[in-house]
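Let me begin by presenting the structure, written as structure tokens, before commenting on it.
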Protein chains: 2
Amino acid sequence: MLSITEENYLKALFRLTCEEVGKTDAGTNEIAAQLDVKPATASDMLRKLKEKKLIEYEKYGKSMLTRRGKKMAMEIVRKHRLWETFLYEKLGFTWDEVHEVAEQLEHIQSQKLIERLNTFLGNPKYDPHGDLIPQADGEFKLIEKKTLNDIAEGETCLVVGVSDNSAEFLQYVDGLSIAIHRPLKVVSRKPFDAILEIEVKGKRSAISARLADHIFVSREVKKAAKM
Amino acid sequence: MLSITEENYLKALFRLTCEEVGKTDAGTNEIAAQLDVKPATASDMLRKLKEKKLIEYEKYGKSMLTRRGKKMAMEIVRKHRLWETFLYEKLGFTWDEVHEVAEQLEHIQSQKLIERLNTFLGNPKYDPHGDLIPQADGEFKLIEKKTLNDIAEGETCLVVGVSDNSAEFLQYVDGLSIAIHRPLKVVSRKPFDAILEIEVKGKRSAISARLADHIFVSREVKKAAKM
DNA sequence: AAGTTTTGTTAGATTAGTCTAACTTTAATA
DNA sequence: TATTAAAGTTAGACTAATCTAACAAAACTT
């Protein structure tokens with residue numbers, strides 16, 4: 001049985017090294033920053049996780065999850081996202097409120113609970129942020145993420161997620177009516193000052209390219225149906 | 001903000017000193033036993049809780065909650081029982097399974113979560129064990145508990161709760177078809193060997209007076225309707 | 001009332017997770 | 001390549017919660 005702290009290290013490693021295509025390992029400082037602890041603390045814990053064969057790690061080297069560590073990390077991420085879905089769908093929490101509470105709920109130990117919750121929610125595939133929920137059998141499809149910056153002028157896309165889960169950011173995008181599974185049109189872009197003009201639900205706003213980089217989108221929407 | 005351990009001490013004190021009429025304070029050994037720690041450990045923590053003005057305690061004396069400590073303890077008990085109700089009502093957990101998981105869920109910190117959960121469950125008054133759920137405003141009606149041993153031969157009563165939440169006990173009473181809000185008839189009793197013959201849902205069983213002491217019952221049921 | 005048992009406390013050790021400060025290794029750059 | 005900067009580690013200290021062992025106080029019991 002892992003401690004809550006150990007679970008958090010595995011989750012951080014999963015986010016940093018597995019979730020996106022291309023990434024494979026993470027440095028100690030990067031891991032420490034993700035968990036908001038000092039590098040010394042992370043260094044120590046990485047040594048312990050290596051002992052437990054949950055990560056691959058050599059002194060002064062980068063870290064990555066072992067098969068076993070990845071499996072456990074995905075179970076935690078699965079719990080986190082199922083709880084987020086519960087809070088959003090059943091208790092009416094908003095997009096930006098769910099993360100903080102799910103950070104606590106994800107550590108509840110009960111196999112039965114999580115499977116019942118999954119059934120209760122109707123086997124959801126995505127959480128309220130549009131992130132894929134790992135399945136009980138360990139299945140998890142990696143998605144090549146495309147951001148708002150990849151969308152050409154005049155094109156409409158579908159928002160599928162965000163890469164910044166801070167309450168500040170989530171509230172900000174909510175203020176622009178940006179939401180999961182909602183179409184978004186890139187009206188125009190000014191590359192040199194890096195500002196995009198966008199339209200969501202008939203409402204136009206400006207967004208910086210730096211922020212647009214945190215908004216993941218999927219396929220173009222040819223017929224901007226219910227905008 | 002209290003630690004999980006501190007919350008558990010407050011909850012133990014609430015159970016031992018507040019929940020039933022008559023009880024007002026608890027000894028160190030009793031508290032240690034409730035929490036499954038050594039008396040030395042409890043002694044130390046009682047000193048700390050006194051520092052924080054959550055309990056009244058003097059060296060070598062008995063302990064009781066202060067007004068502030070009691071309020072916090074009741075919030076934890078409220079959370080515990082709301083989660084038990086959720087697990088039972090919404091996720092189909094059985095009577096004897098809910099306690100263990102609720103022990104973890106009760107420590108989740110989110111005012112909003114617990115109020116939304118309460119609404120979602122339709123403002124329940126009792127948990128699946130028949131125990132009263134403390135209300136958000138701090139209201140909590142003490143109930144004079146009457147046990148199966150207080151019921152005369154030939155009389156029928158209504159089961160309202162149990163005082164032993166161990167999985168073993170809950171499974172045992174479940175095996176006798178004893179359940180909350182279900183009528184139970186005391187067919188006969190043999191005072192000297194302390195065995196009661198009871199009838200639930202037309203099924204007769206024998207139960208020792210020692211175990212009967214852990215089964216709380218309410219008013220007699222004159223017409224044993226749907227037995 | 002004296003002795004014994006029960007109850008409760010104190011002291012010192014242990015573990016997990018964190019920190020700071022000092023040090024080492026690796027990478028970047030002039 | 002020599003120096004500097006960045007990244008990472010080690011050592012030592014701290015806190016919270018626990019334990020065991022030894023001690024002290026209170027409560028029974030003749």
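These values consider heavy atoms only, across backbone and side chains, with no hydrogens, waters or symmetry-generated copies. Naming convention: chains lettered A, B, ... in sequence-line order (proteins, then strands); numbering from 1 in each chain.
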For atom CZ of B/R47 and atom C1' of D/dT18, their distance in whole Å: 14 Å

Protein-nucleotide distance (B/E58, atom CD; D/dA24, atom P), rounded to Å: 21 Å

So, OP1 or OP2 of C/dG17: does either fall under 4.0 Å of a side-chain N or O from A/T5? yes

Would you kindly give the NZ-to-P distance between A/K48 and C/dT15, to the nearest whole Å? 11 Å

Expressed as a whole number of angstroms, how long is the span from A/K38:NZ to D/dC14:P? 18 Å

For the atom pair CG (B/L105) and CD (A/Q104), what is the distance rounded to the nearest 0.5 Å? 11.0 Å

Is B/R78 salt-bridged to B/E115, going by a charged N under 4.0 Å from an acidic O? yes

Go through C/dT9, C/dG8, C/dT20 for me and flag the one nearest to the B/N29 side chain. C/dG8

Take atom CD of B/E6 and atom P of D/dT15, then tell me their distance rounded to the nearest Å. 15 Å

Would A/K90 pass as a cation-pi partner of A/F120, given that its NZ or CZ must be under 6.0 Å from the six-membered ring centre and within 45 degrees of the axis? yes

OP1 or OP2 of D/dT9 versus the side-chain N and O atoms of A/T28: is any pair under 4.0 Å? yes

Whole Å only: how far is the CE atom of B/M45 from the C1' atom of C/dT10? 17 Å

Tell me the interatomic distance from B/Y60, atom OH, to D/dC23, atom P, rounded to whole angstroms. 13 Å

Contact class for A/T41 (heavy atom, under 4.0 Å): base, sugar-phosphate, or nothing? base

How long is the line joining NZ of A/K62 and P of C/dT25, in whole Å? 19 Å

Ignoring backbone atoms, test whether A/K59 places a side-chain nitrogen or oxygen under 4.0 Å from the OP1 or OP2 oxygen of D/dT10. yes

Looking only at side-chain atoms of B/Y57, point me to the closest of C/dG8, C/dA21, C/dT18. C/dG8

B/H129 and B/V98, any side-chain heavy atoms less than 4.5 Å apart: yes

Does B/Y9 put a side-chain nitrogen or oxygen below 4.0 Å from OP1 or OP2 of D/dT18? yes

A/S3 side chain near C/dG17 phosphate (N/O to OP1/OP2, under 4.0 Å): yes

A/R210 with A/D213: basic N within carboxylate O range, under 4.0 Å: no

